[in-house]
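Reading through the structure tokens given below for one structure.
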Amino acid sequence: MAGVGGGNDFQWCFSQVKGAIDEDVAEADIISTVEFNYSGELLATGDKGGRVVIFQREQESKNRPLSRGEYNVYSTFQSHEPEFDYLKSLEIEEKINKIRWLPQQNAAHFLLSTNDKTIKLWKISERDKRAEGYNLKDEDGRLRDPFRISTLRVPVLMPMDLMVEASPRRIFANAHTYHINSISVNSDHETYLSADDLRINLWHLEITDRSFNIVDIKPANMEELTEVITAAECHPHQCNVFVYSSSKGTIRLCDMRAAALCDRHSKFFEEPEDPSSRSFFSEIISSISDVKFSHSGRYMMTRDYLSVKVWDLNMENRPVETYQVHEYLRSKLCSLYENDCIFDKFECCWNGSDSAIMTGSYNNFFRMFDRNTRRDITLEASRENSKPRATLKPRKVCTGGKRKKDEISVDSLDFNKKILHTAWHPKENVIAVAATNNLYIFQDKMN
Amino acid sequence: MAGAEGEDSLYPIAVLIDELRNEDVQLRLNSIKKLSTIALALGVERTRTELLPFLTDTIYDEDEVLLALAEQLGNFTMLVGGPEYVHCLLPPLESLATVEETVVRDKAVESLRKISQEHSPVDLEVHFEPLVKRLASGDWFTSRTSACGLFSVCYPRVSSTVKAEIRQHFRTLCSDDTPMFAKVLELDYVKSDIIPLFTALASDEQDSVRLLAVEACVSIATLLPQEDLETLVMPTLRQAAEDKSWRVRYMVADKFSELQKAVGPEITKNDLVPAFQNLLKDCEAEVRAAAANKVKEFCENLPEDSRENIIMTHVLPCVKELVSDTNQHVKSALASVIMGLSTILGKDNTVEHLLPLFLAQLKDECPEVRLNIISNLDCVNEVIGIRQLSQSLLPAIVELAEDAKWRVRLAIIEYMPLLAGQLGVEFFDEKLNSLCMAWLVDHVYAIREAATCNLMKLVEKFGAEWAQNTIVPKVLGMANDPNYLHRMTTLFCINALSEACGQEITTKHMLPVVLKMSNDQVANVRFNVAKSLQKIGPVIDSNALQTEVKPVLEKLATDQDMDVKYFAQEAISGM
């Protein structure tokens with residue numbers, strides 16, 4: 001069974017699963033975003049209840065050389081609370097839409113987390129010393145007689161058990177009328193952008209009371225609205241370039257050097273539509289749900305409902321690669337429209353070397369494509385395959401006629417088990433897959 | 001409080017030390033600000049051996065606290081025992097220099113620079129320079145940026161071997177990937193080694209770096225002799241003024257006056273004038289606005305002999321275009337400085353060329369543009385007298401005073417005292433008085449409040465007699481208004497005007513009205529009466545205070561309404 005993402009003998013195996021086993025899933029526990037930090041040492045997840053959980057990889061120990069570092073809980077905190085917008089009489093959900101890590105700048109770690117309206121900068125730091133010794137209190141905490149104080153005591157720092165603290169350092173609020181769908185940290189390490197349905201703002205990490213609006217696609221007359229922004233990302237190396245995708249399947253690349261307001265794009269990426277496959281649902285399924293630059297900065301990947309496309313930034317008229325994620329759903333679009341699944345927003349990600357890409361599907365399946373060998377594989381995140389270091393068996397969906405033994409038919413797919421959020425370790429073959437309220441971590445098998 | 005003297009004096013210090021760890025950040029901040037008191041009580045040795053180690057490791061705190069700490073340590077030399085021991089301050093400052101908050105790092109670097117002066121050359125090499133080396137080779141860019149700020153202070157006083165080491169570190173940092181340190185780098189200098197590095201940074205790929213090079217250009221230009229400017233600095237500057245990235249051009253426009261002073265009159269005439277023209281015509285509105293802001297300063301700093309000529313031939317044509325720019329920020333920026341040109345050009349040129357521009361901007365559709373013209377009338381007054389403008393001025397003022405947006409109305413109210421002063425009391429009475437009264441009954445509270453304050457300033461300008469004749473009657477007339485908010489406005493005006501109007505007017509005219517309102521139907525009015533009486537109490541004569549005011553207050557103290565009772569009692573006890 002040739003694998004994806006590595007050499008021929010490459011195989012994925014189960015490593016860990018986090019989260020409750022109950023069938024009854026509390027809505028608040030549903031994971032809404034997953035992100036590794038720049039070194040891969042930390043893995044953050046956000047959920048619908050507004051909480052952020054950060055896992056840290058164990059250092060590999062000499063005693064167990066065959067077991068790669070496992071991820072254990074490092075810090076948990078409540079990032080956002082539900083709010084109420086009094087002016088519009090609307091509830092603001094606490095669901096974490098995106099988490100993005102900042103590049104490390106000292107011993108502490110920083111991340112940005114956002115819900116629909118407010119972005120927060122969190123500092124996660126370790127404390128392993130505690131000050132001891134008071135002047136006015138003795139060791140038991142009893143107050144000393146002020147008149148008996150004859151010498152001054154300076155506190156002494158004593159070691160203590162490691163404590164990880166998360167504190168909100170900045171709150172960036174009130175800049176978005178519509179729901180924030182993306183945040184992206186710029187390569188200059190000073191600024192970041194946030195995007196909602198109609199506008200993109202540029203922030204400075206140290207300034208919370210102002211942001212610059214750099215894209216505004218709101219029409220003068222809202223009745224003429226036909227297109228919204230679905231995702232945005234900064235280029236990994238060029239601090240003046242960013243892209244944003246739309247609900248019509250187009251991507252615009254903008255250069256912030258050209259003008260202060262980037263309403264005019266520098267590049268416009270769109271694949272001409274295949275007239276033979278046009279249907280009532282064409283526009284809906286062409287809506288791009290995620291856009292990601294490759295680590296090299298040369299390519300970008302977009303995810304629409306049925307496929308993943310890789311674009312060369314130098315070629316605007318069509319993608320260089322197209323991968324079908326679950327083409328068998330094309331004939332089911334009507335029922336998927338009725339149960340709203342057609343509007344699901346799947347994310348996609350690159351591996352560290354840009355040689356492979358991954359995205360999720362239904363029935364807790366997720367797909368990986370090797371760009372060099374053109375091989376693809378479907379794997380499943382399920383409790384049944386959760387024995388430690390158990391190899392994952394490829395899955396197959398049967399599209400018609402005779403169903404083979406291990407295959408599953410399209411009609412048996414569970415559309416409530418969707419994998420929308422996945423993340424790939426920046427350097428190694430370790431992946432994190434969010435299946436509703438569970439987080440699965442898979443690693444490659446050491447040969 | 002009995003007790004031996006020694007014990008008494010220790011208690012407050014003991015409290016301060018304990019509060020260094022209090023949960024309340026304000027208490028921690030307070031203790032840190034009094035760190036010198038703690039250090040004095042501990043004595044130099046305990047400060048060195050106990051206090052500083054404690055401070056070095058507690059950098060978990062809020063920025064305000066760390067900032068205060070960084071500042072305190074910069075002044076701690078004597079508290080640790082003098083220059084001989086000043087190097088003990090380095091460990092805590094070193095940790096502060098690696099914190100992620102820029103303000104704290106900058107303060108720590110500032111303190112390090114300060115105490116470096118107290119280090120002997122030997123101590124510099126033994127303690128200070130290794131610190132700089134550690135920061136410069138640190139893992140995180142935060143420590144590397146701090147290192148950049150320290151090279152210049154230790155460089156002059158160390159031996160030549162150490163100097164070479166420092167230059168090497170500096171060069172390494174210049175090729176560092178992290179763009180952020182470039183900001184600090186540019187503001188530091190070591191003369192001859194810098195120019196090639198500066199030129200390289202000015203052509204960096206990332207425009208964030210290039211635009212900071214423009215800032216550095218100014219400092220470098222001031223350091224070099226005139227002959228070197230043309231070869232070493234001007235090529236970079238010319239490149240920057242035509243950079244493809246608007247942010248770099250913006251930076252040039254923003255720093256234009258400093259550049260002008262730095263390069264001197266010859267280069268200004270030959271290079272900067274055409275560059276300035278191009279910036280005024282730039283395709284990006286932000287750049288045009290930045291350049292427009294600098295028009296007055298640029299013109300003022302032109303060499304005297306060619307000033308008028310340059311302005312009339314090169315600058316004025318561009319300025320004329322800007323008056324009808326499509327972008328309101330550009331027009332607004334221009335409006336705030338254009339009037340200043342009149343003093344430079346003199347009466348005739350102002351009347352012929354500038355006056356039409358002022359009048360056009362006074363009619364601009366954007367209220368901010370009009371406001372900016374009005375706020376700068378004093379320059380024109382000196383040269384041609386406001387009368388020329390007053391015909392167009394009045395409609396403009398009236399329109400702004402009645403603008404639908406309350407913030408625009410607020411802004412014009414704020415200029416009213418200034419205008420009144422310049423236009424004179426007759427003009428004011430004739431044309432502007434009714435406006436000021438109308439504002440007192442505006443439906444937005446902020447406007448009514450500002451209008452009250454405005455009246456007070458007018459009285460200060462025009463005097464009590466004027467007040468008595470023109471505005472006091474109208475203000476007092478509002479006391480009979482059916483709307484209680486307007487009746488309250490009368491009271492607020494009286495509060496504001498009583499002092500300026502003086503004892504006689506207040507006692508004879510204002511007091512009776514206030515006292516009458518103590519019978520008002522609305523409780524809000526009544527309790528404001530009590531507050532007013534308390535406020536004007538000091539101004540009216542003491543006889544009236546006893547015979548007229550006190551009885552009324554006592555009556556109000558028995559009012560049905562709780563708030564009326566409260567304020568009446570407050571007023572009584574205040575007397």
Side-chain angles (χ1 to χ4, degrees), chain A residues 102-110 121 123 125-137 143-159 163 165 167 169-170 186-191 204-207 212 237-241 255-262, chain B residues 1-4 6-8 10-11 13-21 38 41-43 46-47 49-54 56-58 60 62-63 98-103 138-143 145 178-180 183 205-209 243-248 250 283-287:
Chain A
L102 263 56
Q104 212 173 349
Q105 48 183 333
N106 61 17
H109 299 277
F110 291 84
L121 176 69
K123 173 179 179 179
S125 53
E126 293 183 5
R127 192 194 281 245
D128 58 2
K129 287 195 200 127
R130 178 181 53 215
E132 279 178 18
Y134 279 98
N135 285 287
L136 304 178
K137 289 193 276 209
L143 287 175
R144 287 213 188 106
D145 182 349
F147 301 123
R148 296 260 190 79
I149 296 173
S150 53
T151 54
L152 294 172
R153 284 182 70 177
V154 178
V156 170
L157 290 168
M158 304 297 291
M163 188 169 83
E165 302 177 304
S167 58
R169 303 302 283 169
R170 305 259 193 279
N186 203 340
S187 57
D188 65 7
H189 302 173
E190 279 195 322
T191 57
H204 190 287
L205 283 165
E206 302 203 353
I207 300 173
F212 289 104
H237 313 304
Q238 293 171 31
C239 62
N240 48 290
V241 172
D255 185 335
M256 291 192 270
R257 293 171 305 184
L261 190 58
C262 298
Chain B
M1 284 222 266
E7 288 159 10
D8 260 353
L10 281 184
Y11 179 69
I13 315 285
V15 170
L16 277 178
I17 295 180
D18 280 359
E19 281 179 353
L20 282 171
R21 292 149 61 196
I38 299 177
L42 288 173
R46 288 190 71 190
T47 299
T49 55
E50 293 177 57
L51 187 60
L52 289 180
F54 170 66
T56 304
D57 282 327
T58 42
Y60 301 116
E62 301 286 325
D63 320 337
T98 60
V99 166
E100 69 277 358
E101 292 297 333
T102 315
V103 286
D139 282 335
W140 314 119
F141 85 84
T142 38
S143 55
T145 26
T178 321
M180 266 209 71
K183 178 179 181 174
E205 249 184 19
Q206 295 211 340
D207 65 343
S208 328
V209 179
D243 196 293
K244 290 259 167 34
S245 169
W246 69 270
R247 293 200 299 158
V248 181
Y250 176 93
C283 57
E284 170 59 51
E286 301 272 348
V287 179

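From a predicted model like this one, the values you see are computed outputs, not experimental measurements. Reckoned from all heavy atoms, side chains included, excluding hydrogens, waters and symmetry mates. Just so it is clear: chains get the letters A, B, ... in the order the sequence lines come, proteins before strands, and each one is counted from 1.
Between A/Ala258 and B/Glu284, the shortest heavy-atom distance links the atoms O-OE1, 4.3 Å. Considering every non-hydrogen atom in both A/Gln105 and B/Trp140, the closest pair reads O-CB, 2.6 Å.
Both the backbone and the side chain of B/Asp18 come within less than 4.5 Å of a heavy atom of chain A. In this structure, the portion of B/Glu286 lying under 4.5 Å from any heavy atom of chain A is its side chain and not its backbone. With a threshold of 4.5 angstrom between heavy atoms, B/Glu50 approaches chain A through its backbone and through its side chain. Looking at A/Arg130, neither its backbone nor its side chain comes within 4.5 Å of chain B, counting heavy atoms on both sides. Using a 4.5 Å cut-off between heavy atoms, B/Val15 touches chain A through backbone and side chain atoms alike.
Residue B/Phe54 places its CZ atom among more than 12 non-hydrogen atoms of other residues, nucleotides or ligands, all under 6.0 Å distant.
If you take NZ on B/Lys244 and CG on A/Asp255, they are separated by 11.0 Å, rounding to the nearest 0.5 Å. The distance from atom CD of B/Glu100 to atom CD of A/Glu206, rounded to the nearest 0.5 Å, is 9.5 Å.
Ranking B/Val287, B/Asp63, B/Val103, B/Asp139 against chain A, the residue ahead of the rest is B/Asp63, based on heavy-atom pairs under 4.5 Å. Interface remark: of the candidates A/Gln238, A/Met256, A/His237, A/Arg169, A/Arg169 forms the most heavy-atom pairs closer than 4.5 Å to chain B.
Using a distance-only test at 3.5 Å, with no hydrogens or angles considered, a donor-acceptor pair links the side chain of B/Arg21 to the main chain of A/Ala131. Between the side chain of A/Asn106 and the backbone N or O of B/Val99 there is no donor-acceptor pair closer than 3.5 Å.
Between A/Arg257 and B/Asp207 there is no salt bridge, since none of the side-chain N atoms of the basic residue sits less than 4.0 Å from a carboxylate O of the acidic one.
Inspection of the A/Glu190 and B/Ser208 side chains reveals no N or O donor paired with an N or O acceptor under 3.5 Å.
Side-chain contact between B/Arg46 and A/Leu152 is present, with heavy atoms from C-beta onward closer than 4.5 Å.
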